[in-house]
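The structure appears right after this line, and notes come after that.
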Amino acid sequence: MSAKSSLLKVILLGDGGVGKSSLMNRYVTNKFDSHLFHTIGVEFLNKDLEVDGRTVTLQIWDTAGQERFRSLRTPFYRGSDCCLLTFSVDDGQSFRNLTNWKKEFVYYADVKDPETFPFVVLGNKVDVNERQVSRDEAQQWCCDNGDYAYYETSAKDATNVSVAFEEAVRRVLATEERADHLIPTDTVNLHRKPRSGAPCC
Ligand SMILES: Nc1nc2c(ncn2[C@@H]2O[C@H](COP(=O)(O)OP(=O)(O)OP(=O)(O)O)[C@@H](O)[C@H]2O)c(=O)[nH]1
Ligand SMILES: [Mg+2]
């Protein structure tokens with residue numbers, strides 16, 4: 001068992017109405033409301049789960065996707081361990097906006113290394129018949145942006161909701177493990193004797 005904190009912060013981002021709150025509610029309370037109000041600012045819920053023998057508390061932050069709430073949501077991006085970029089498969093614009101959501105997250109969360117940060121992409125509302133975004137298109141975007149996991153979900157009928165959140169946890173734990181194995185190269189040798197005659201500045 002790692003000594004690292006087992007509280008993982010996962011944040012849901014994406015256009016207003018794609019189903020972020022519904023996904024969080026489905027996962028944490030196993031309920032679905034077909035007349036949910038738009039989120040204002042941010043809300044979070046905790047859920048304990050076990051992934052690959054490790055128990056973690058997932059803190060899921062649900063944000064307001066509408067543009068007018070931008071300044072209310074962005075202060076909460078910092079400290080996120082994983083970002084769930086969400087769109088709705090029946091709304092092509094919400095898919096095209098993923099690039100902006102990623103940019104907004106990287107900027108306000110102050111992500112040092114976007115190449116290795118764990119993003120997971122969710123194409124929600126797969127229960128709806130009128131699709132505007134194909135699975136191939138979405139997977140291609142995930143490949144082009146860095147090997148992101150892609151899940152087609154439905155908060156309405158619970159398709160792939162648990163597996164998507166579990167994958168988010170796996171990605172975070174894998175990142176932590178990689179960091180544990182990194183050998184620091186910028187150590188300072190406190191015992192090294194100063195070179196005689198070396199200039200002081
Ligand atoms: N058919 C279907 N409808 C869904 C699904 N998920 C959410 N909805 C509906 O879509 C609407 C918007 O869902 P929300 O969960 O409020 O969307 P949101 O992303 O949280 O929106 P903001 O809070 O404005 O950012 C609601 O009426 C939901 O009932 C789904 O998987 N399938
Ligand atoms: Mg919401």
Side-chain angles (χ1 to χ4, degrees), residues 1-15 18-21 23-24 26-28 42-63 65 73-89 94-95 97-124 133 135 137-153 155 159-184:
M1 180 83 154
S2 161
K4 287 243 168 75
S5 158
S6 50
L7 180 73
L8 304 184
K9 176 176 174 179
V10 168
I11 194 156
L12 282 155
L13 299 187
D15 281 10
V18 297
K20 300 178 297 297
S21 304
L23 286 162
M24 179 175 77
R26 169 58 79 191
Y27 183 55
V28 178
V42 298
E43 291 167 4
F44 76 85
L45 290 175
N46 284 354
K47 178 165 168 119
D48 294 331
L49 75 155
E50 201 184 300
V51 173
D52 303 334
R54 184 168 160 184
T55 305
V56 297
T57 300
L58 198 56
Q59 189 168 76
I60 304 165
W61 288 72
D62 172 32
T63 60
R73 65 176 178 254
T74 49
F76 295 91
Y77 293 4
R78 270 176 186 271
S80 299
D81 296 297
C82 179
C83 177
L84 299 176
L85 294 170
T86 311
F87 71 97
S88 174
V89 296
S94 72
F95 172 65
N97 283 341
L98 287 186
T99 304
N100 297 332
W101 284 108
K102 181 183 164 184
K103 262 192 215 150
E104 183 176 295
F105 176 75
V106 166
Y107 181 78
Y108 286 99
D110 197 16
V111 175
K112 294 285 176 277
D113 189 0
E115 301 297 313
T116 58
F117 188 87
F119 287 98
V120 172
V121 176
L122 308 181
N124 191 40
V133 185
R135 181 191 282 268
E137 250 179 297
Q139 272 171 339
Q140 190 59 52
W141 190 89
C142 292
C143 279
D144 293 346
N145 277 269
D147 190 25
Y148 302 163
Y150 175 57
Y151 287 94
E152 302 219 314
T153 59
T159 304
N160 278 338
V161 177
S162 300
V163 287
F165 281 100
E166 284 162 20
E167 177 64 19
V169 173
R170 280 201 184 88
R171 297 244 158 180
V172 177
L173 298 182
T175 312
E176 278 182 4
E177 269 167 30
R178 273 200 302 277
D180 285 347
H181 287 101
L182 284 179
I183 301 160

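Just so you know, these numbers use all the heavy atoms, side chains as well, and skip hydrogens, waters and symmetry mates.
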For the [atom1] atom of [X] and the [atom2] atom of [Y], what is their distance to the nearest 0.5 Å?
X: Thr74; Y: Glu104; atom1: OG1; atom2: CD; value: 6.0 Å
X: Arg171; Y: Leu8; atom1: CZ; atom2: CG; value: 15.0 Å
X: Ile60; Y: Met24; atom1: CD1; atom2: CE; value: 7.0 Å
X: Tyr151; Y: Thr159; atom1: OH; atom2: OG1; value: 13.5 Å
X: Asp62; Y: Arg73; atom1: CG; atom2: CZ; value: 11.5 Å

**Item:** Pair Thr57, Asn46: side-chain N/O donor-acceptor within cut-off below 3.5 Å
**Value:**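 Asn46 and Thr57 do not have a side-chain donor-acceptor pair below 3.5 Å.
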Which atom of [X] lies closest to which atom of [Y], heavy atoms considered:
X: Glu50; Y: Gly53; result: OE2-CA, 3.6 Å
X: Ile11; Y: Ser80; result: CG2-OG, 3.6 Å
X: Ser94; Y: Asp15; result: CA-OD2, 3.3 Å
X: Glu137; Y: Phe95; result: O-CZ, 3.7 Å
X: Val161; Y: Ala155; result: CG2-CA, 4.3 Å
X: Ser88; Y: Val133; result: O-CG2, 4.4 Å

Under 4.5 Å between any side-chain heavy atoms of [X] and [Y], yes or no?
X: Leu49; Y: Val56; result: yes
X: Cys83; Y: Leu13; result: yes
X: Phe87; Y: Val121; result: yes
X: Trp141; Y: Leu85; result: yes
X: Val120; Y: Cys82; result: yes
X: Tyr27; Y: Ser162; result: yes

**Item:** Lys102 to Phe119, cation-pi by 6.0 Å centre distance and 45° axis angle
**Value:**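 Output yes; distance and angle both within limits.
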**Asked** Please walk me through it: do Phe165 and Leu84 pass side chain to side chain contact (heavy atoms under 4.5 Å, CB included)?
**Response** CA-CA 9 Å; Phe165 281 100; Leu84 299 176; 3.5 Å; yes
**Asked** Do the ring planes of Phe105 and Tyr77 sit parallel (below 30°), tilted (30 to 60°) or perpendicular (above 60°)?
**Response**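 Plane angle between 30° and 60°, so tilted.
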Short side-chain to backbone donor-acceptor contact, [X] and [Y], under 3.5 Å:
X: Lys20; Y: Thr86; value: no
X: Thr63; Y: Leu12; value: yes
X: Asn124; Y: Val18; value: yes

**Message:** Between Tyr148 and Leu98, does the side chain to side chain contact (heavy atoms under 4.5 Å, CB included) criterion hold? Intermediate values first, please.
**Reply:** CA-CA 13 Å; Tyr148 302 163; Leu98 287 186; over 6 Å; no
**Which residues share a salt bridge (Lys or Arg N to Asp or Glu O under 4.0 Å) with Glu152, sequence neighbours left out** = Arg131, Arg135
**Message:** Under the salt bridge (Lys or Arg N to Asp or Glu O under 4.0 Å) definition, can you give me all pairs with a residue in residues 138-151, not counting sequence neighbours?
**Reply:** none
**Request:** Please assess Leu173 against Asp52 for the test side chain to side chain contact (heavy atoms under 4.5 Å, CB included), listing each intermediate value before the final yes or no.
**Result:** CA-CA 10 Å; Leu173 298 182; Asp52 303 334; 5.9 Å; no
**Prompt:** Would the number of heavy atoms belonging to other residues, nucleotides or ligands and lying under 6.0 Å from CD of Glu115 be above 12?
**Reply:**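 Count not over threshold, so no.
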**Message:** So, using ring pair (Phe, Tyr, Trp, His ring centres under 6.0 Å) as the criterion, who are the partners of Tyr107 when residues are at least two apart?
**Reply:**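 Once residues adjacent in sequence are excluded, Tyr107 has no partner under the ring pair (Phe, Tyr, Trp, His ring centres under 6.0 Å) criterion.
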